[in-house]
Structures are given as C-alpha cells and as structure tokens.
Trainee: 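This is the structure, below, for whatever I ask next.
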Amino acid sequence: MSAAGGALLALDQGTSGTKGLLITEDGRVLGTAHRPMTQQYPQPGWVEQDPAVLWRSVTGVAGELAGQASAAGVRIAGLGLSVQREAVLAWEPVSGTPLSPLVSWQDRRTAERCAKIAAAPEGEWVTARSGLPVDPMFSATKAEWLLDRIDPERERAMAGRLRVGTLDAWLLHRLTNGASDVTETGCASRTQLLRLDEAAWDEELLDLFRVPLAALPRVVASDSAGDELGCTKDVPGLADGLPIGAVLGDSHAALFAQSLGQPGVVKATYGTGSSLMVLNPDGCPPAGGVAATLAWRRRHEDRAAQALEANIASAGTAIRWAAQLLGTDSSGIAALAVDARADNDVYLVPAFSGLGAPYWDRSARAVLIGMGFDSGAAEVAAAAVDSMAFQVADTLSRFDAVLGTPAAELCADGGPTGNGRLMTLQADLIGRPVVSAGRPEVSALGAAYLAGTALGVWDDADLGELAPNGTRFTPQQDDAWRNRRMAGWHDAVGCALGRRP
C-alpha cells in the first residue's frame, strides 16, 4: 500500500437514489448509507428530478458516512463520485442555483427532434464524431430544449451567465461551493457534444444543437489530487478541504471496478436500465447498435480510454412495472418468478420508452406475449425478471461481432445480480460463465478505487488485492435450448417493433 492513509468516501448518485460507501485503506467497507429518490412525470415521455431533493440526498449520505468515520476514529482521505450520466440541468454559474429540473436520461421529450436529425445528412456525422446514435437518451437535444426555454436567444449562454451540463458538473460546483466549473471526460462524452478523437467540445456539434461553448463547463481528467476537481467547501455534514479524487459516470465506474482499468473485461450493469461496456484499446468502430464512448481520462495519461457501450433502456423498470401490475414489490416479483412453469414461454419486451441498444427504435412499444390459460402471475413475474437477461444476451452478441472474438465471460454488477435465478439464466442464454460482483455498490467502489490511486492511498498494483470476490455462474443448458429461447425473444422483439414474428 502507498504511504498516504485514510478512508475513501464514495458517493454513487443514481436515478433511484444516492448510495455511499466508506472504504478503509485495506479495502474493507466500514460504513454504508442510502437515500432514495423519486422521479416526476409532468407529461407523457417526460422524466425529471428535483435538483434540491437530489442535493439533499447527496449531503445526507455524505454526512452520515462522515459521522460513521468520526465514530470509528477514521480519517477521510478524500471523495470519489459516481453519477448518472446523460441527465441535464441548467444552473446559475456563480451561486449554483438550478434554473431547471434535472431532465433524466430516460426522458423522451426530444424524440421528434432526434428523429429529424437522424434522418437528415447530419445524422451520420453526428454519430461519427460523437460515437453515439442520435437518440433522446443523450444530452445534446435536452440541453438545446432547456436553453430554448430559459435563454431562447442564447444571450446569457453566450455571455457565460448560465451553465448547462450533466450532473457531475453541477455536483462538483456545489461540493466545492463554486470553485470547480468543470465536467469529467467520460460524462462529457455522453452529451453528444464532445468529439471523441480529441476529447474536446466540437464546434460543429455545438452549432447544430445550438449550445454555446461559453455555457459549458471545461472538460478535465477523471481523477485529481484535489486540484482540478477541487475540494469540499460548505457542504453540510462534511469538513472543508476534503479533496475530490475522482469523478466517473456510473457505468464507467462499474467498468473500472470490474476491470481495474485493464482491457478485456466485458461488464454488464443491471439497474434502472442496463449498460454493457468494454474498453476498446484497438479502436474497433461501433456497429450493430453498439456505441463508442470515452471511459475515463487519467491525469497522467495523454489520451482518454476509449470504450464500446450498449445502453438498454429498461431493466429494473420492468420489475417495477410488474410489481405495480401484480400488487407487490421487487422482492415479491423475484419470489413469484421462482414458481413459474419450467416451460414458461411468456416474454416481456419492456419497451416502455422505446428500445435502446441494440435496436435504437424509440417508436417500439412494450409487449407481453405467449400467455395461455395456464399462464398466471408467476409467469408474468418471470417474464419481467427474465427480460433483463434476454436483453443483455441479445446485446452481448453484438459485442461479439464488433470485437471479433467473444469474451470468455461476462462480469455482472448491480442490485439484480443478487438474484441467483437471473444470473443462472444469464449464463444459460449467453453460453458462457457470468461472474457476479461481490458487492452491489460496484459503481461506488470504482469511484473509490480511482480516487484512492489519485490521492496516494493506493497504487494501481494494490487494487487487485482490494476487489471483492464474485460468484461464478456457469451455463447448464445446451445450444438447442439456448437457440430456441433466443428465437422466442427475437419474435417478441419483432412484435414490439411492429413486425409480425
């Protein structure tokens, strides 16, 4: 271990709430905290969160963990931060006061605008430069929409009198009391305003989406020794001067935790949506519904780490939908699913807001098919749970095609990976082992690991000793079974896309 000591306070601000870990120098989790959050749906397809409520969740978790550290007599060496990515808000650049709600990555209000761009000649070069398909998930059209309402002539934006950006930038501003006016490289790459090959804002993309450069935070490395990312100041529950050692998008943080920064690991994060990601050191071009992104940029490296990613729009949302339908909760759905018939061929395609990867069709609609007289609540519950595994298997096959060589195994993280039935099904559907992470809070772990290396708590070589051991699930079914189940899934997807099976 490095000479510097102390615990890392890791915060993971996600769609459903803020989670936090207090991780000691020897890798033990000394404390945990959690504050749930809700979303608002002011119109069909609109999804928002209240920045003030979000900030209270962050400070509540941070303050609780700081109290646990104090009670244990442990010094906090610094912070690591993991955040939901493509969500956007506008704020006043001096005070940090929000000028808008946080418009979620799930929001579809700009779907029509995206469809027009995608169908125009600009669509191709937007994807070529940004690595991302033109879709309302990404930040650019949401930022444009907000500016159209707050500053339609762009006078304030061009004068630098307002900021628009992703959640990492706003949280850094608030955590440092305005000292940091920056955004992290990986999160910036999710806006569709960044040119991937240069890791810098792209003037032509900014012009297309009418987002002035002066309104955007400066793009910086993902890790820091308390300089560019800054130090805490006037944060309720936290001491002043705690260095922010790293900021990562949540899926990027999970990849860092799973891979420890090394190529060759394909990870799948199961949450509100799902994300498959792998480092892309060879620069394989995106194809088949797989996008290109930047995973992170470490301050001692000249170039950002490239990655391939596929974003599945609905994963945990399928469980919540089924729970509401059947009058239970998520644990109740998992328990019901166990009682489903062994030959259950009921499929749920959870295209509640259209389909993301690998189809990227926002006109798709959710379907539940295969019901018979002998189908009941257990079969519906199983279809909801299983939809996560089917979507990951479908998408992983596209990764195999892009990479040329199939990954030997899949590393899985997120709350649903605690469901052994789901992980076994996942291994059966992909025909290779699935290694479930040892803890559900993998994004927080990844942020802590990167922050700890930046702040001198650990060297990169130490990280392998810190990572928790996972659980390995091996396939139990043969190719004939796998092919039959995936054919049924593809038929169901065809129905969701408006095609007859």
Side-chain angles (χ1 to χ4, degrees), residues 80 82 85 130-132 184-190 194 196-199 221-223 246-269 274-311 357-358 392 395-414 430 432-438 442-443 445-454 458-470 472:
S82 161
R85 299 177 298 168
S130 70
L132 306 172
E184 179 268 331
T185 298
C187 289
S189 76
R190 308 303 294 173
L194 195 84
L196 282 193
D197 57 359
E198 297 177 0
S222 311
D223 60 351
V247 179
L248 291 165
D250 48 11
S251 285
H252 308 204
L255 179 63
F256 192 84
Q258 295 275 29
S259 68
L260 304 180
Q262 300 303 309
V265 174
V266 178
K267 71 89 193 172
T269 298
S274 288
S275 160
L276 279 77
M277 186 181 283
V278 63
L279 288 173
N280 184 26
D282 296 330
C284 297
V290 174
T293 195
L294 298 180
W296 50 73
R297 182 171 71 82
R298 304 182 73 173
R299 68 191 192 285
H300 62 272
E301 295 175 350
D302 293 334
R303 296 183 63 83
Q306 294 188 43
L308 296 171
E309 184 179 18
N311 301 99
V392 168
T395 306
L396 184 61
S397 68
R398 312 300 179 95
F399 268 64
D400 294 343
V402 173
L403 294 170
T405 303
E409 62 186 23
L410 178 69
C411 293
D413 61 81
I430 65 175
R432 66 197 88 168
V434 172
V435 181
S436 174
V442 173
S443 291
L445 280 178
Y449 291 165
L450 185 58
T453 59
W458 304 303
D459 293 324
D460 280 11
D462 297 327
L463 297 181
E465 301 174 19
L466 303 176
N469 294 322
R472 192 175 186 85

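Note that this is a predicted model, so its numbers are computed, not measured.
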Trainee: Does any N or O in the side chain of Arg85 come within less than 3.5 Å of the main-chain N or O of Gly249, such that one atom is a donor and the other an acceptor?
Mentor: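 Judged by distance alone, no pair lies under 3.5 Å.
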Trainee: Looking at Arg298 and Thr453, what are the two nearest heavy atoms and their distance?
Mentor: NH2-OG1, 3.2 Å
Trainee: Main chain of Ala412, side chain of Gln258: is a donor-acceptor contact present, judged purely on distance under 3.5 Å?
Mentor: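 Here the side-chain-to-backbone pair exists.
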Trainee: Quick check on side-chain hydrogen bond (donor to acceptor under 3.5 Å, both in side chains): which of Ser275, Ser82, Ser443 does Ser251 satisfy it with?
Mentor: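 Going through Ser275, Ser82, Ser443 one by one, the side-chain hydrogen bond (donor to acceptor under 3.5 Å, both in side chains) with Ser251 is satisfied by Ser275 alone.
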Trainee: Supply the atom-to-atom distance Arg303 CZ to Thr185 OG1, rounded to the nearest 0.5 angstrom.
Mentor: 12.0 Å
Trainee: Once rounded to the nearest 0.5 Å, what's the spacing between atom CD of Gln262 and atom CG of Leu255?
Mentor: 11.0 Å
Trainee: I'd like to know whether Leu463 forms a side chain to side chain contact (heavy atoms under 4.5 Å, CB included) with Phe256, so could you lay out the CA-CA distance, the side-chain angles of the two residues, the decisive distance to 0.1 Å, and finally the verdict.
Mentor: CA-CA 10 Å; Leu463 297 181; Phe256 192 84; 4.0 Å; yes
Trainee: Give me the atom names and distance for the closest heavy-atom approach of Leu248 to Ser222.
Mentor: CD2-CB, 3.9 Å
Trainee: Quick one: does any side-chain atom of His252 pair with a main-chain N or O of Leu294 as donor and acceptor, under 3.5 Å?
Mentor: yes
Trainee: Kindly give the heavy-atom pair with the smallest separation between Val266 and Leu396, and that separation in Å.
Mentor: CG1-CD1, 3.9 Å
Trainee: Between Arg432 (side chain only) and Ala407 (backbone N and O only), is there a donor and an acceptor less than 3.5 Å apart?
Mentor: yes
Trainee: Would the distance check show the side chain of Ser436 and the main-chain N or O of Gly470 forming a donor-acceptor pair, the cut-off being under 3.5 Å?
Mentor: no
